[in-house]
Participant: 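Let me give you the structure first, and then I'll get to my questions.
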Amino acid sequence: MAATTRRARQRPRIARTAMAVAGAIVFSLPVTAAAQTIAITGGRVFPVSGPPIDNATVLIRDGRIVAVGANVTVPANAQRVDATGKWVTPGLIDAATQLGAVEIGAVPDTREASARGQDAVAAAFRVSDGLNPASVMITPARNEGVTSVVVVPSGNLVSGQAAFIDLVHGSAHDMVAASPVAMVGEVGNKRAANVSARGELLMRLRELLEDTRAYAQHRAAYEQGNTRSYRASRLDLDAMIPVVQGRLPLLVEADKASDIVAALDLAREFGLKIMIGGGAEAWMVADDLSRAHVPVLTGAMNNIPDAFATLGQRQENAALLQKAGVQVILIGNAGGGDEEAFNVRNIKQEAGNAVAYGLPWDAALRAVTLAPAEAFGVSDRYGSLAPGKVANVVVWSGDPFEFTTRAEHVFVHGEEHREPSRQDMLTERYKTLPPDYDRP
Amino acid sequence: MRTAAIVLAAAVVLGCATGRATRPAGESPATPRSDSAQSASATPDYGPGALSLPNADPFPSTYKPFPSRPTVIRNATIFTAAGPHIEHGSVYIRDGKIVAVGATVNAPPDAIVIDGTGKYVTPGIIDVHSHLGVYAAPGVQALSDGNEATNPVTANVWAEHSVWPQDPQFPRNLAGGVTTLQVLPGSANLIGGRSVVLKVVPARTVQGMKYPGAKYGLKMACGENPKRVYANRGPSTRMGNVAGYRNAWIQAEDYRRRWDKWLADRKGEPPKRDLGLETLAEVLRGHILVHNHCYRADEMAQMIDIAHEFGYKVRAFHHGIEAYKIADLLAREGIGAAVWADWGGFKMEAMDAVRANLALVDKAGVRAMIHSDDPSGSQRLNQEAAKAMAAGRAIGIDISEDQAIKWLTINPAWALDLDKEIGSLEPGKHADLVLWSSDPFSVYSRAEKVWIDGALMYDRLDPTEQWRTDFELGFVPDNRGGSK
């Protein structure tokens with residue numbers, strides 16, 4: 001019952017353990033804007049995949065980037081966007097959010113991010129199936145330069161399947177760029193996993209991984225009822241197959257250093273491809289993570305020992321990990337907080353704070369663009385400004401991480417978006433009091 | 001930079017050698033405790049605890065400023081919160097007080113000199129809405145002491161009795177430039193109890209942190225929280241909430257009348273003492289300030305009517321998600337608005353949060369302030385103010401940094417009725433100040449040094465000037481000095 005002032009004591013976790021999704025990984029093609037050529041000219045361009053280029057042009061055609069550089073010829077029919085004195089970057093990516101899956105945290109009917117599951121396993125649950133393309137939280141995020149997010153499920157030992165979505169208008173089908181991009185699971189949250197000891201939690205994971213392997217090998221026999229029984233459902237086992245085959249990453253929610261090590265051990269034992277989400281104490285095992293090439297999704301504004309699993313939490317986490325060679329992905333609010341979807345835009349603040357605590361600026365930009373695209377397997381299309389990439393591009397009035405900087409042009413799929421958010425409408429309505437509807 | 005570090009090291013040594021600064025006469029806690037004692041002795045039949053005395057102070061502050069040395073910060077940009085900022089300016093502090101602020105100051109040769117080139121100075125940050133100590137870290141049930149959620153009206157509880165001085169969130173707050181906190185009970189209840197104003201300093205007891213002479217606050221809460229918590233026994237509706245407040249004030253007025261009459265004539269047996277009604281009576285007498293958690297515009301307007309009905313004032317609405325919808329009303333009533341920069345959307349009553357809230361209420365003439373309600377956000381109130389300032393500018397309200405700095409300094413000082421002592425850099429005021437590595441409205445700026453009552457309490461560059469709580473020893477890796 002948590003009545004309180006503070007809206008939530010413990011940040012909801014982002015990710016949870018997991019394993020696999022049956023079936024092939026589906027990539028849908030983005031909706032392309034009407035055949036159209038746009039030239040963003042004169043700006044300081046940060047391709048991320050290469051060094052910044054001054055006075056450069058980004059040429060966009062039919063929703064894709066076709067050229068980036070200082071000597072790009074602008075076709076006569078191109079619509080020009082003058083970015084002189086501006087900064088041009090790929091659209092930002094918040095790699096762990098419930099945007100579109102949770103509208104109002106305290107209203108259960110608008111929460112679609114946590115499945116009931118069976119014995120705390122919900123591997124077959126696809127969070128994108130409940131995506132709300134009409135969420136009023138999407139416009140504020142996009143207006144401030146966030147063009148894609150990874151929507152992660154939560155709850156349970158295995159939460160389900162995450163989706164990479166673009167913040168475009170349209171149906172969920174139009175928005176989902178790739179799903180699943182990860183199975184989400186847990187090694188540190190006993191309550192979510194419905195167990196009473198960390199060892200029991202790992203035991204449950206091992207059981208699921210072993211059963212998935214056995215199931216994958218004996219599917220025909222399973223259909224004929226000629227295998228031993230498995231604790232997990234058929235759908236969950238199917239969903240776990242790409243995980244045990246190392247094709248789909250398992251995003252493991254873990255904060256405590258020893259839990260992270262346990263996750264690394266599990267990955268080695270089963271040949272899993274994993275990422276760590278949360279990672280409060282990841283800096284303490286940075287070398288292990290680096291050696292195992294395991295990326296870490298973490299925030300940059302957490303320094304409170306707010307649980308016994310996060311005693312070593314500190315704001316230098318991202319910088320120390322990066323220094324050790326770990327792929328760092330910055331996420332909002334360490335992936336939680338019940339106003340989290342409302343403030344996906346604050347991914348910029350996370351990045352700025354990471355810089356204030358030692359992360360090089362270029363690495364911070366990478367951590368909210370190309371790094372998440374790589375970790376979730378979509379860097380062929382997202383996270384950088386280069387020919388062939390999806391034209392998610394932002395023109396900023398200055399340093400994107402500074403509070404006074406504005407996202408002046410936001411392109412998603414090569415189309416500029418700039419409609420007022422619900423917050424903008426409220427502001428406009430009450431800017432002069434009394435409001436029109438209450439005027440005599 | 002190098003110079004500053006060396007000078008600072010000297011400050012530490014000298015500071016210790018000097019011993020504790022003495023509190024100037026007249027600065028002692030302005031508590032009428034002596035009155036209470038006198039009253040009690042005038043009627044020897046009763047010990048002080050038997051009487052419901054106005055302004056009683058049974059848990060007096062034992063805070064004394066830490067040792068300090070005369071210090072000058074030179075060539076910094078200074079946001080005074082009392083006027084335009086001063087570029088290449090200086091601040092001179094001595095004996096816990098600000099002596100001079102300006103383009104140049106006369107400082108004696110024995111003063112420690114800190115080179116502020118490229119840096120910024122602001123008053124110490126004041127967070128009027130904190131639960132540090134009462135919801136301590138780690139957030140385990142054993143340390144969850146912020147809501148006495150056993151009755152919708154618990155005016156009888158005092159937040160200070162839940163404050164754990166070893167909460168590791170305190171030193172982190174200090175490192176964020178926060179020098180004064182109002183710690184409140186939570187919002188489970190219609191009337192949650194008394195708040196306490198603390199200095200963010202290490203102490204063995206909460207009495208050692210209490211801001212001497214600060215008024216108490218009363219925490220009240222509107223809307224969803226109380227009706228959710230008490231859904232089974234009531235109130236379970238907003239109309240039930242309002243009936244609950246009014247019932248409490250009816251009893252409080254009766255209590256105040258009986259006690260004030262008895263205190264005036266001292267005839268017969270004193271009325272029976274009641275802890276909760278005593279606190280409410282003190283609100284009615286104007287000695288305790290009302291801090292009202294309230295999100296929606298329509299509910300704030302109702303709370304204002306209740307205050308009129310019973311003759312008390314709401315000092316500030318906290319959280320005030322919809323304050324911008326009634327900024328004219330708040331301005332007319334002289335009620336402050338303590339709000340977040342951009343928290344919202346997490347429940348129905350928070351749906352209409354807008355980032356320009358602070359700028360809009362400020363423009364309407366309301367005392368606007370940023371607050372945290374959160375141990376993490378409290379460490380970055382400068383960043384929250386920066387977001388709110390930018391949002392104002394985006395809709396054409398020209399909020400200057402000189403104005404925005406007031407949101408986290410002098411305006412919250414006013415909400416605590418301490419604006420004559422703290423909240424701005426002016427001669428004679430307490431030397432609570434922060435030296436920032438760069439413009440505090442930049443995301444890259446960090447508090448580098450923090451002084452409280454003239455004493456250097458935090459130095460990011462000197463691990464020996466970084467406070468570690470008892471809890472942290474052994475449990476939390478010692479990262480002091482570990483940042484770049």
Side-chain angles (χ1 to χ4, degrees), chain A residues 1 3-10 103-107 136-137 140 281 284 301-308 310-312 314-316 319 337-339 341-343 345-346 348-349 351-353 355-358 399 401-406 422-424 426-431 433-435, chain B residues 131 135 137-140 146-147 149 168-169 172 184 186-188 221 224-226 228-229 293 324-325 327-328 342-348 351-356 360 364 373-376 379-380 383 386-387 389-390 393-395 441-446 472 475-477 479 482-484:
Chain A
M1 133 192 123
T4 145
T5 347
R6 347 168 77 200
R7 297 141 324 107
R9 247 218 93 66
Q10 300 282 86
E103 192 72 358
I104 304 169
V107 179
V136 299
M137 310 291 182
E281 295 187 342
M284 296 161 100
M301 297 199 278
N302 306 299
N303 64 353
I304 295 172
D306 53 8
F308 278 92
T310 62
L311 292 177
R314 59 190 298 202
Q315 287 187 263
E316 295 86 354
D338 43 13
E339 83 292 1
F342 192 77
N343 278 329
R345 54 195 173 179
N346 286 346
K348 298 176 293 178
Q349 191 183 358
N353 276 272
V355 173
Y357 284 82
D399 180 344
F401 305 151
E402 280 288 20
F403 300 112
T404 47
T405 298
R406 301 181 64 181
R422 182 169 186 278
Q423 295 170 49
D424 295 330
L426 283 161
T427 302
E428 188 56 35
R429 171 174 276 200
Y430 290 99
K431 206 170 147 182
L433 295 176
Chain B
H131 300 292
Y135 278 119
V140 296
N147 270 306
Q169 296 173 133
R172 285 158 180 76
L184 299 142
S187 55
E224 289 186 31
N225 287 7
R228 183 185 73 244
V229 173
H293 154 129
Y324 65 97
K325 296 184 182 178
D328 48 350
D342 60 9
W343 273 11
F346 45 91
K347 49 181 170 174
M348 281 306 293
M351 269 310 300
D352 287 1
V354 302
R355 258 194 181 160
L360 288 167
D373 189 27
D374 176 77
S376 186
Q379 300 176 39
R380 281 172 287 274
Q383 297 186 10
K387 285 188 280 189
M389 178 179 74
R393 289 176 181 177
I395 58 163
F441 295 100
S442 163
V443 73
Y444 305 121
S445 181
R446 302 194 300 177
E472 289 169 271
F475 271 125
V476 176
N479 302 322
S483 57
K484 69 167 181 177

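Residue numbers begin at 1 in each chain, while the letters A, B, ... track the order of the sequences. Keep in mind the model is a prediction, meaning the values are calculated, not measured.
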Participant: Please check if any side-chain donor atom of B:Asp352 sits under 3.5 Å from a side-chain acceptor atom of A:Tyr430, or the reverse.
Facilitator: no

Participant: For the interface with chain A, which of B:Arg393, B:Gln383, B:Met389 has the highest count of heavy-atom pairs at distances below 4.5 Å?
Facilitator: B:Gln383

Participant: Tell me, for A:Arg429 versus chain B, whether the close heavy atoms (under 4.5 Å) come from the side chain, the backbone, both or neither.
Facilitator: neither

Participant: Answer with side chain, backbone, both or neither: which region of A:Pro305 has an atom nearer than 4.5 Å to a non-hydrogen atom of chain B?
Facilitator: both

Participant: With a 3.5 Å distance limit and no angle check, can you tell me whether B:Glu224 reaches the backbone of B:Met348 through a side-chain donor-acceptor pair?
Facilitator: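 Confirmed, B:Glu224 side chain pairs with B:Met348 backbone.
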
Participant: I'd like to know which of A:Met137, A:Arg345, A:Arg422 tops the heavy-atom pair count under 4.5 Å against chain B.
Facilitator: A:Arg345

Participant: Can a donor-acceptor pair be found, under 3.5 Å and without considering hydrogens, that links the side chain of A:Glu281 to the backbone of A:Gly312?
Facilitator: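 Here the side-chain-to-backbone pair exists.
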
Participant: So what's closer than 4.5 Å to chain A heavy atoms on B:Ala386: side chain, backbone, both or neither?
Facilitator: both

Participant: Taking atom CZ of B:Phe475 as the centre, report whether more than 12 heavy atoms of other residues, nucleotides or ligands fall under 6.0 Å from it.
Facilitator: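 No.
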
Participant: Verify the distance criterion only: is there a donor paired with an acceptor across the side chains of A:Asn343 and A:Gln349 at less than 3.5 Å?
Facilitator: no

Participant: Counting only non-hydrogen atoms closer than 4.5 Å, does B:Ile395 touch chain A with its backbone (N, CA, C, O), its side chain (CB onward), both, or neither?
Facilitator: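 When you check distances to chain A, atoms from both the backbone and side chain of B:Ile395 fall under 4.5 Å.
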
Participant: Which one wins on heavy-atom pair count under 4.5 Å against chain A: B:Arg380, B:Met351, B:Gln379, B:Glu472?
Facilitator: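 Max contact count across the listed options: B:Arg380.
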
Participant: Is the backbone of B:Asp374 close enough, under 3.5 Å, to the side chain of B:His131 for a donor and an acceptor to pair up by distance?
Facilitator: no

Participant: Select, from B:Ser445, B:Ala327, B:Ala394, B:Pro168, the one with the greatest count of heavy-atom pairs under 4.5 Å involving chain A.
Facilitator: B:Ala394

Participant: Please state whether the side chain, the backbone, both or neither of A:Lys348 comes within less than 4.5 Å of a heavy atom of chain B.
Facilitator: neither

Participant: Using non-hydrogen atoms and a 4.5 Å limit, figure out which bit of A:Asp399 sits close to chain B: side chain, backbone, both or neither.
Facilitator: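 Just its side chain gets close to chain B.
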
Participant: Honestly, is B:Arg446 close enough over A:Tyr357, meaning NZ or CZ under 6.0 Å from the six-membered ring centre and within 45° of the axis?
Facilitator: yes

